[in-house]
Amino acid sequence: MEGELGFMSKSKILRISLKRTIAPYLALRASADRLFDRIESSQSKEAVIDFSGIETITRSFAHQYALRKQSSQKSISEARVPSSIKSVMVLSAKPVHMATVACRAVKPMQLLL
Amino acid sequence: MASENYPELVQCYLDYHRLRTHNEQRGVIDLSGITFLYPSTLLPLRYYTHNTQPTPKLIQPNDPNVANYMELAKGSRAWTTGCPYVEITQKSKEVEKDLNNFFGKHFEHGEKCGGQNAFKTLIGELVDNVLEHSEFSKAYVEGQIYKKKGFTELCILDNGKSIPGSFKEHGKPFKNDVDAIIQAISGVTTKAGDERGTGLGFVSNLITKGLCGEAFISSGDGFVYLGKNGKDLVFNDPRIRYKGTIAALRMPYVAKKVDINDFINTRPNTARLLSAGT
């Protein structure tokens with residue numbers, strides 16, 4: 001498993017290149033879940049996620065990454081995170097409460113077809 | 001507002017429904033008068049023609065350039081087309097690579113569509129929504145830069161359970177289908193965790209405020225158009241029912257570079273939608 005993700009060093013730190021394991025473009029919550037599923041199934045207690053070569057990250061990926069990292073029992077750190085990616089990750093990890101609209105009286109327009 | 005006064009993006013989608021309705025009533029899709037096909041017509045129309053039995057008869061557009069967009073008439077079921085598209089599969093491992101290749105090949109990686117970050121994030125959030133909520137068997141992203149016309153248009157289609165269908169399944173109250181779409185934009189989610197559900201709101205702010213573009217979401221009987229300068233449209237009409245969800249967006253080409261950090265976690269202004277029909 002470790003070899004598939006990157007390599008296991010002698011210090012048993014799991015190192016994972018996101019560009020290699022996912023793509024330069026990190027878009028999906030499912031990809032973040034897949035990444036952490038692999039980390040959790042690894043025997044390593046520590047993982048370093050290498051962000052070098054990552055060009056774009058969506059809020060959804062960054063948010064899911066933050067959620068999974070927070071709930072993980074393992075020590076997970078990031079390396080070589082481009083500044084544009086880092087800012088999205090920081091903002092996406094902040095709590096946001098938006099679900100405030102519930103069943104209001106929407107009055108649709110008449111459609112002229 | 002008369003039908004012909006709707007924005008062109010809305011007209012294009014209504015064209016699809018007119019053609020579909022014509023086929024249901026008369027058994028033929030007549031494209032002879034069509035002079036241009038944009039993704040917001042083309043993608044749902046092609047999905048419809050490929051998934052309707054019996055296969056609709058097609059009257060080709062008179063303009064041979066337009067006819068090239070509808071290969072089905074030649075008896076092909078392959079999606080050979082002049083308009084670039086990418087199929088979204090449930091195998092998320094491949095989706096990001098496929099999308100990234102698609103963006104590079106056909107959209108210059110979005111550099112002139114608000115910048116790489118804004119463009120790819122916009123489409124990525126919409127595709128993530130499809131994968132997270134839709135339970136589809138078929139989904140596509142189709143789009144093109146129209147340099148001479150000065151805009152980029154993309155359409156995302158899935159044949160899943162729709163936004164109102166998902167709300168219904170999860171016991172979320174909604175008055176009608178358009179209300180469910182507006183709630184989804186507002187941040188109401190069917191997923192666990194109150195920090196989920198910000199995707200569509202983020203996208204709506206990014207496209208209208210950041211990129212000075214426009215977008216619509218059609219799901220079930222509901223239709224929401226987010227226009228430029230807050231000129232929105234909301235319809236709830238079985239005549240334009242779509243079983244899954246279709247979203248389309250159009251932005252200026254060239255669109256100035258946008259910093260997505262300005263839009264992450266911002267609350268969408270759905271008050272304007274809630275009052276749009278009043």
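The sequence lines fix the lettering, A, B, ..., with proteins before strands; numbering per chain opens at 1.
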(request) Kindly give the heavy-atom pair with the smallest separation between A:I54 and A:A23, and that separation in Å. (result)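 Residues A:I54 and A:A23, closest heavy atoms: CD1-O, 3.3 Å.
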(request) Taking all heavy atoms of B:S218 and all of B:F223, pick out the closest pair and write down the distance. (result)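 Here B:S218 and B:F223 meet closest at CB-CD1, 4.0 Å.
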(message) For B:D259, give me all partners under salt bridge (Lys or Arg N to Asp or Glu O under 4.0 Å), at least two apart in sequence or on another chain.
(response)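 Salt bridge (Lys or Arg N to Asp or Glu O under 4.0 Å) list for B:D259, sorted by chain: empty.
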(request) Tell me the residues of residues 70-83 of chain A whose non-hydrogen atoms fall below 4.5 Å from those of chain B, in number order. (result)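 Within residues 70-83 of chain A, no residue comes under 4.5 Å from chain B.
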(request) Not counting sequence neighbours, which residues clear side chain to side chain contact (heavy atoms under 4.5 Å, CB included) with B:A215? List them please. (result)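 Scan of B:A215 (side chain to side chain contact (heavy atoms under 4.5 Å, CB included), adjacent residues dropped) gives B:I207, B:L249.
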(request) Report the distance from atom CG of B:D237 to atom CG of B:D177, rounding to the nearest 0.5 Å. (result)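 It comes to 11.0 Å.
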(message) Is there a side-chain contact between B:I163 and B:F174 in this structure, where contact means two heavy atoms from C-beta onward sitting under 4.5 Å apart?
(response)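 No. Closest side-chain heavy atoms not under 4.5 Å.
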(request) Considering only NZ, NE, NH1 and NH2 on the basic side and carboxylate oxygens on the acidic side, decide whether A:R34 and A:D37 come within less than 4.0 Å. (result)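 So A:R34 does not pair with A:D37 through a salt bridge.
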(request) Answer with side chain, backbone, both or neither: which region of A:I57 has an atom nearer than 4.5 Å to a non-hydrogen atom of chain B? (result)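 Only the backbone of A:I57 comes within 4.5 Å of chain B.
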(message) If I measure from the heavy atoms of chain A, does B:F103 come under 4.5 Å with its side chain, its backbone, both, or neither?
(response)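 Side chain of B:F103 only, per the 4.5 Å heavy-atom cut-off to chain A.
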(request) Measure B:L122 against the heavy atoms of chain A and call it side chain, backbone, both or neither at under 4.5 Å. (result)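 B:L122 has no heavy atom closer than 4.5 Å to chain A.
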(request) Mind ranking B:N117, B:N236, B:V127, B:I240 by heavy-atom pairs under 4.5 Å with chain A and telling me who comes out on top? (result)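 Looking at each of B:N117, B:N236, B:V127, B:I240 in turn, B:N117 comes out on top.
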(message) Tell me every residue that passes ring pair (Phe, Tyr, Trp, His ring centres under 6.0 Å) with B:F167, counting only those two or more places apart in sequence or in another chain.
(response)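 Ring pair (Phe, Tyr, Trp, His ring centres under 6.0 Å) check on B:F167 returns nothing, list empty.
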